[in-house]
Asks: 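This structure is in structure tokens; I'll ask about it shortly.
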Amino acid sequence: MTEHTTVCVVGGGPAGAMLGLLLARAGVGVVVLEKHADFHRDFRGDTVHPATLQILDEIGLIDRFLELPHQKVTTIGVVQDGRRVDIADFSRLRVRYPYMAFVPQWDFLDLVATEAARYPGFRLMTRTEALDVLRDDGRVAGVRARGPEGEFDLRSTLVVAADGRHSTIRRAVGVTPRLIGRSLDVAFFRISRRDTDPDEGICVRIGNGKIFGATDRRTYWQMSYETTKGGLDRVRLAGLDAFRADLAALVPFLADRVQEVSSLDDLSLLEARIDRLDQWHQPGLLFIGDAAHAMSPVAGFGVNLAVQDAVATANLLAVPLLRDDIALVDSRLAAVRKRRRVAVALSQGLQRATQRFGIDDALNGSGQPPAPRIFEKLGPAQWLMSRVIGLGFRPEHVRTPVAGAAPIEGTTRA
Ligand SMILES: Cc1cc2nc3c(=O)[nH]c(=O)nc-3n(C[C@H](O)[C@H](O)[C@H](O)COP(=O)(O)OP(=O)(O)OC[C@H]3O[C@@H](n4cnc5c(N)ncnc54)[C@H](O)[C@@H]3O)c2cc1C
């Protein structure tokens with residue numbers, strides 16, 4: 001069976017879903033393939049940064065976004081030797097939304113996909129996995145995919161691979177990203193929150209060669225435990241009681257409920273790696289988001305960068321796609337990387353520096369990472385970090401045309 005569309009987006013994460021919306025909103029036919037049945041994945045980045053909030057504002061989605069249950073977090077802190085230092089304070093930024101909003105990523109992606117579905121050119125195919133690319137005379141001309149009804153070909157003018165850090169499309173076309181720095185193991189778990197707990201926002205606690213991150217989700221603490229690659233094997237060897245003791249020592253207000261970690265199997269492990277492709281495109285094919293440049297959780301850059309990539313892609317390609325000008329589409333693919341590469345390289349450089357001068361020193365036991373002290377002594381460092389985390393290095397703005405949409409449910413078209 002063969003289907004046709006103008007753009008096939010592989011992957012319905014932040015990059016793919018946002019690109020699908022922006023292209024459909026511009027009147028371009030777009031199919032987003034998502035291999036899972038829905039957007040429900042635990043412990044995906046739930047951070048929506050000031051720059052992404054601004055984009056939601058620009059496309060008229062901010063009010064509906066803010067109606068979702070969310071929390072506003074204005075500070076990111078580090079506690080070392082019992083002293084807290086705020087390394088970022090978004091309330092210092094002169095922007096319309098000077099905070100980070102925490103929203104379960106599935107709610108955010110559901111909202112984006114629901115908005116996209118108002119445009120006649122948009123189609124989201126869930127439980128549909130891209131397996132390989134199709135080629136016409138060497139040019140990528142679509143994908144082979146497997147959905148609930150079996151395998152089929154989806155032919156398109158352009159394929160955008162937004163299929164994340166383990167990209168199938170990357171493997172299919174034989175490109176490999178360059179690893180930047182060393183990988184980390186990050187384990188996530190939850191602990192209940194009590195009203196008497198401190199108001200912490202996001203706080204990273206360092207001591208005794210351990211790092212615990214605590215994000216206040218109002219009814220629970222989303223906890224993370226960072227360690228070197230393979231470090232969780234050592235945690236397993238030391239056993240559950242040792243892990244609970246470390247947690248109680250570093251986050252004393254949780255000492256009365258460390259038993260909630262009932263087994264080390266409660267830890268959900270994710271590998272955090274930083275890598276990037278040297279070339280983001282081939283004729284008929286473009287990589288964006290983590291498929292082009294995997295981000296680690298440090299500073300929660302990944303979701304914002306993925307959304308910014310989508311905006312830059314739509315800005316550069318919507319018009320040539322509307323004109324069905326294949327030569328212009330192919331010639332603009334390099335421009336997407338050119339526009340985004342400095343922002344990506346600087347963000348990854350910052351993640352790597354944080355790992356080198358913060359995380360590695362902290363994990364090495366005796367080490368006292370110098371980074372928190374720098375923020376204590378240098379006022380502008382906090383402002384700069386707030387800007388860099390909140391807005392990124394090159395904030396994008398939506399410049400795509402707008403086609404007619406179906407009315408929002410519960411309203412009538414003006
Ligand atoms: C442990 C950890 C914690 C993190 N925490 C944060 C955080 O708090 N804040 C933050 O901003 N960033 C965080 N990040 C980074 C962030 O998750 C990524 O940078 C971001 O999700 C990238 O978005 P994306 O759309 O490019 O890719 P993804 O979010 O990975 O989305 C890719 C999508 O493609 C789908 N897919 C994959 N293969 C196929 C296929 N063959 N066919 C169809 N669909 C496919 C997947 O199911 C997925 O839905 C974290 C990363 C890690 C490792």
Asks: Can you list, pair by pair, the side-chain donor-acceptor contacts under 3.5 Å of residues 128-135, counting residues two or more places apart and other chains?
Replies:
unit_1, atom_1, unit_2, atom_2, d
Thr128, OG1, Thr126, O, 2.8
Arg135, NH1, Gly138, O, 2.8
Arg135, NH2, Gln282, OE1, 3.4

Asks: Does the pair Arg178/Asp275 count as a salt bridge with the N-to-O cut at 4.0 Å?
Replies: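 No, this pair does not count.
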Asks: Using modelled atom types and a 3.5 Å cut-off, is there a donor and acceptor pairing between side-chain atoms of Glu226 and backbone atoms of Ile359?
Replies: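 Answer holds: no.
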Asks: Less than 6.0 Å separating the ring centroids of Phe189 and Phe243?
Replies: yes
Asks: Under the 3.5 angstrom rule, does the side chain of Arg190 hit a backbone N or O of Asp266 as a donor-acceptor pair?
Replies: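 No.
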Asks: May I ask you to decide whether Arg332 forms a salt bridge with Asp330, counting only side-chain N to carboxylate O separations under 4.0 Å?
Replies: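 Salt bridge between Arg332 and Asp330, a charged N being under 4.0 Å from a carboxylate O: no.
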Asks: Are the aromatic ring centres of Phe212 and Trp221 under 6.0 angstrom apart?
Replies: no
Asks: Is the closest basic N to carboxylate O distance between Asp195 and Arg218 below 4.0 Å?
Replies: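 Answer for the salt bridge query: no.
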Asks: One thing to verify: whether Asp197 and Arg257 come together as a salt bridge, which I'm taking to mean a side-chain N less than 4.0 angstrom from a carboxylate O.
Replies: yes
Asks: Using distance only, find each side-chain donor-acceptor pair of residues 384-391 under 3.5 Å and give its atom names and separation, not counting sequence neighbours.
Replies:
unit_1, atom_1, unit_2, atom_2, d
Ser386, OG, Asp89, N, 2.9
Ser386, OG, Asp89, O, 3.3
Ser386, OG, Gln382, O, 2.6

Asks: Exactly one of Thr6, Val28, Leu23 should register a side chain to side chain contact (heavy atoms under 4.5 Å, CB included) with Leu322. Which one does?
Replies: Val28
Asks: Would you mind listing every salt bridge (Lys or Arg N to Asp or Glu O under 4.0 Å) that reaches into residues 156-170, with sequence neighbours excluded?
Replies: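 Listed once each, the pairs are Arg165-Asp290.
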Asks: One thing to verify: whether Arg340 and Glu396 come together as a salt bridge, which I'm taking to mean a side-chain N less than 4.0 angstrom from a carboxylate O.
Replies: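 A salt bridge is present here (some side-chain N lies under 4.0 Å from a carboxylate O).
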